[in-house]
2 protein chains.
Amino acid sequence: MEKDNTYFGVKEIARRANVSIATVDRVIHNRTGVSEKTKRKINEIIKELDYQPNILASRLASRKIISLAVLLPKVSPETDFWEAPLKGIDRAQQEIKKYGVQVSTFLFDLNDHKSFSEQTKLILEGTFHGVLLAPSFVDESREFAKACNKLKIPFTFIDSDIPDQENLAYIGPHLFQSGYVGAKLLTYRLKEKHKVLVVNISKETDTYNYLQIEEGFRSYFKDNSLPGEIIRVDIKDTDNLSVTRDLKRILHTNEDIEAIFVTNSRVSAVASFLEKNKRGDISLIGYDFLKENVRYLNEGLIDFLICHKPEEQGYRGLMALYQTLVLGSAVEKVHFMPIDIITRENQAFYQN
Amino acid sequence: MEKDNTYFGVKEIARRANVSIATVDRVIHNRTGVSEKTKRKINEIIKELDYQPNILASRLASRKIISLAVLLPKVSPETDFWEAPLKGIDRAQQEIKKYGVQVSTFLFDLNDHKSFSEQTKLILEGTFHGVLLAPSFVDESREFAKACNKLKIPFTFIDSDIPDQENLAYIGPHLFQSGYVGAKLLTYRLKEKHKVLVVNISKETDTYNYLQIEEGFRSYFKDNSLPGEIIRVDIKDTDNLSVTRDLKRILHTNEDIEAIFVTNSRVSAVASFLEKNKRGDISLIGYDFLKENVRYLNEGLIDFLICHKPEEQGYRGLMALYQTLVLGSAVEKVHFMPIDIITRENQAFYQN
DNA sequence: TATATTTGCGGGTACGTACCCGAACTCATT
DNA sequence: AATGAGTTCGGGTACGTACCCGCAAATATA
C-alpha cells in the first residue's frame, strides 16, 4: 500500500524546464533572480502539471512563523458573548500552530472608542501578517482598514461588516435577515392584531448592528402586511436596575404588549424582569447562546434564541487568514453564518 | 521571525536516552527490537518531554497510504438525501488526501437488505484501515460490526446509531429529541384541542429511526399534557401516487386535522398533495434540507424543516477516522448533531 | 569450542520544499 | 583586456520522521 507516484513536485518541474529546483522555487515564490524567459517556461510547466505544493513539506522546511493579530471586545461583566469567538479562535490556533502560525490577542472596551484605537495602534506597530477583528466602531475600523491596506496586511471582519474596506473576508450574520427571522418567530402564534416591543440594550456603541436588525424586523411586518404596532425602546444604561426601571415604565403605559424582541444578547435582563414581575405570558425572543439566556430558555421565559454561531465565526475567521497566508488559496469574500433558531427543546445539542 | 526552538523531537529524546533516533522510533511505533530497559527509559523521556510527534514530518516521511471505506445508501429517485453526506465526505477527503488518505465509496440499495450485505462483504475483502457507514439495516450492521471488530478495523456510524457495537464513534441526530422538537414546533400555534397526523413514508426499511422520532414526538405531548389526538399512518409505497391515495383517505375520514408531521425527508410528497388539494391551511413539518422541500418551504406549504446537518455528518465521520488512524488522537464516542430548525426566513443561510 | 541464530541497535537516506552560499555569466566601464 | 557590478542559476543542507540495511553482541545449537 504505497503512495501513488503520480504526484508532480518541484523536482519534476525542474527536470522538465532543465533548471534546478532552486530556480523553480524562485519562480514559485516570485522572488527575484530569474530571467523572464525561464520564468515563463517554468510557469507554463507549473500550469500544465497543475502543480499543487505539498504543504507538509513546505511548512516543514520553512523556518518562518506567521503571526496573526486578533482584535475583539473584552468580555464584559454584563455579557460573556465574546467568549465564544475567542474559543473558536483558540480552536483554530490549536489546529494550525503546528504549521508555524502564532496568534496574539488584543482586547478593547466596548464602552471606549479610544481603547479600540489604542489596540489598533499596537497591532500596526507589531509585525503581523494578518488581522482578525470585530469592527465594532465603524469610524475607527475604517481608519484601521486603511492603514492595513497600505501595509498590505490582510484582515478579516467577524460579527458585523463594514462594506467596501477591501477586507479579505467577512464572516458573520446577515443582520437584516436575522431581524426578519426574529419577527417571524415572534408573530408566529400571535393574534391578528398585536403589539410588540423592540428593546435595544446598549451604550450606543454598536448601534450599527442594531439598526440593521430592526430594519429586518420591521420589514417582515411590512412584507406580510401584518397589522399591529411596534414600539421601540433604547436602554442606554445596561445594568439590571436601569433595564428594570425602563421596562416597568414601558409596560405600564403599554399594558397590552404581547411579545418582546431584544436585539442583542442582553435578553436575559429582560427575562429576569419578566420573571420577577410575573409576566411569563409575554413572548420573548433575543440573541445568543449564553448560559444566562439558556437558563431562561429552559425556564420558559424566553421562547426563542437566535444565534449566529459566534464560536464558528472566530474559528472560520482565523482559518480564512491561515488559508490565504499559509496555503495561498482563495477564500469567500462574504460568508454569512446561519441564522440558528434555538428553543428549549433543541438547545442541548446546539453548536455555538 | 523564526520558529521557536522549544520544540523537542525524536532527536532530543535520542540524545537524552543515549540511543539513536532509530531506536526511539522503534519505541514510538512499538516495533520489536528494543530491550525492555531501553524501552522503559525512552518512554519515560517521552512522557517527561510530553513529546508530540510532528505530523507534517511523519506523514511526509511515511510512504504508506491509509485507505478508508465508506458505505452509504444510494441516492434514490425519490429522495436525494444521501447526496449531502457524500458531499461532506468528499470535502473531508479533499482535505486529508494530502496526508496520504484514500477513500473508497460503496453504495447499497435502501430497498434491498442483500445489497447491504454484499457491499460489506466487499469491504471486508479489501484491506481497509477504517470504515464509515450508515447502519440502516440493524441486523446486517451488527454482523458487519462484529466482523470489523474481529479484524480490528475501526468504524464510525452516521445518521443513526446502533448501541453497543464497539464503534469508534456515532455522529448523527438524537432522534428522540428531534421528534420532540418537531412536536413543539407543530403545536406552537395550535389551539388547545388539536388533531395532528404523523406520516411515515418508507418501505419499512428504516423503521428504527422512525420509531425513535415518533416516541419523542409523542413524549412532547405527554410531558406538556397537551390534549388532542395524534393519528398516524404508514405509507409503504413511496411513489407520489400512493402517497396521494393514502393521504386523501385519511384526510377524508379526519377532516379536522390541523397539522401534519412527516418523519423523514419525504415531506415534499405531502406538501405536493396539500398544494394540489388546496389545503394550505394545514401546518406541515418534515425533515431535511432538500431542494424540493425548500421549494415548498418558500411557497409556504411547509412551515418548518428539521435538519441534522447531513453533510457535516459525513465530514465529521470521515475526519473521526482520520483523527484516530493518522493523528492517533481520541474522538468523542457519541457526537449528536444539532437539531436545526429551518424556516422560509432563515433557509438562505443554512449550512447543511 | 565452533558455528548459526537471534536480539539490540546505529548509520544513513528519503520524503518535498525552503533557502543559503556561492559559481558562472553578461555587460558596461576603465 | 581587465575589473567590477549585477544577473541568473545550481549545489547542497536542513526541516522531523520513517524505515532499510547491516553490524556487533548475546544466545542457542552443534
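Numbered from 1 within each chain, the chains take letters A, B, ... in sequence-line order. The shown structure was predicted, so the numbers you read here are calculated from the model rather than taken from an experiment.
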Can you give each donor-acceptor pair under 3.5 Å made by side-chain atoms of residues 10-21 of chain B, sequence neighbours left out, with the distance rounded to 0.1 Å?
| unit_1 | atom_1 | unit_2 | atom_2 | d |
| --- | --- | --- | --- | --- |
| B:E12 | OE1 | B:R15 | NE | 3.3 |
| B:E12 | OE2 | B:R15 | NH2 | 2.9 |
| B:E12 | OE2 | B:R16 | NE | 2.7 |
| B:E12 | OE2 | B:R16 | NH2 | 3.2 |
| B:S20 | OG | B:A22 | N | 3.3 |
| B:S20 | OG | B:T23 | N | 3.4 |
| B:S20 | OG | B:T23 | OG1 | 3.4 |

Would you mind writing out the side-chain donor-acceptor pairs for residues 147-156 of chain B within the sub-3.5 Å range, not counting sequence neighbours?
| unit_1 | atom_1 | unit_2 | atom_2 | d |
| --- | --- | --- | --- | --- |
| B:N149 | ND2 | B:A145 | O | 3.2 |
| B:N149 | ND2 | B:Q165 | O | 3.2 |

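Residues meeting the side chain to side chain donor-acceptor pair (under 3.5 Å) test with B:R40, sequence neighbours left out: none. Every residue meeting the ring-ring contact (aromatic ring centres under 6.0 Å, His included) condition with A:H174, not counting sequence neighbours, appears here in chain and number order: A:F336, B:F349. Under the rule for a side-chain contact (heavy atoms from CB on, under 4.5 Å), the partners of B:I123 that lie at least two apart in sequence or sit in another chain are B:A69, B:L71, B:F106, B:F128, B:V131, B:F144. Checked against side chain to side chain donor-acceptor pair (under 3.5 Å), A:E44 has no partners two or more places apart in sequence or in another chain. With sequence neighbours left out, B:K146 forms a side chain to side chain donor-acceptor pair (under 3.5 Å) with no residue at all. Every residue two or more places apart in sequence or in another chain that forms a ring-ring contact (aromatic ring centres under 6.0 Å, His included) with A:F289 is listed here: A:Y350.
Over its full length, the helix from C:dT1-D:dA30 to C:dT30-D:dA1 turns its helical axis through 60°, comparing axes from the five pairs at each end and rounding to 10°.
Contacts between residues 44-52 of chain B and DNA chain C, counted as heavy-atom distances below 4.0 Å, involve no residue at all.
Contacts of B:D25 with the nucleic acid, taken as non-hydrogen atoms under 4.0 Å apart, include base atoms.
Atoms NZ (A:K41) and C1' (D:dC9) sit 14 Å apart, rounded to a whole Å.
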- Task: Assign a letter to each nucleotide of nucleotides 9-14 of chain C from its 5' end: B, base within under 4.0 Å of a protein heavy atom; S, sugar-phosphate only; -, no contact.
- Result: BBB--S

Could you list, one pair per line, each protein nitrogen or oxygen that sits under 3.5 Å from a nitrogen or oxygen of nucleotides 24-26 of chain C, together with the distance?
none

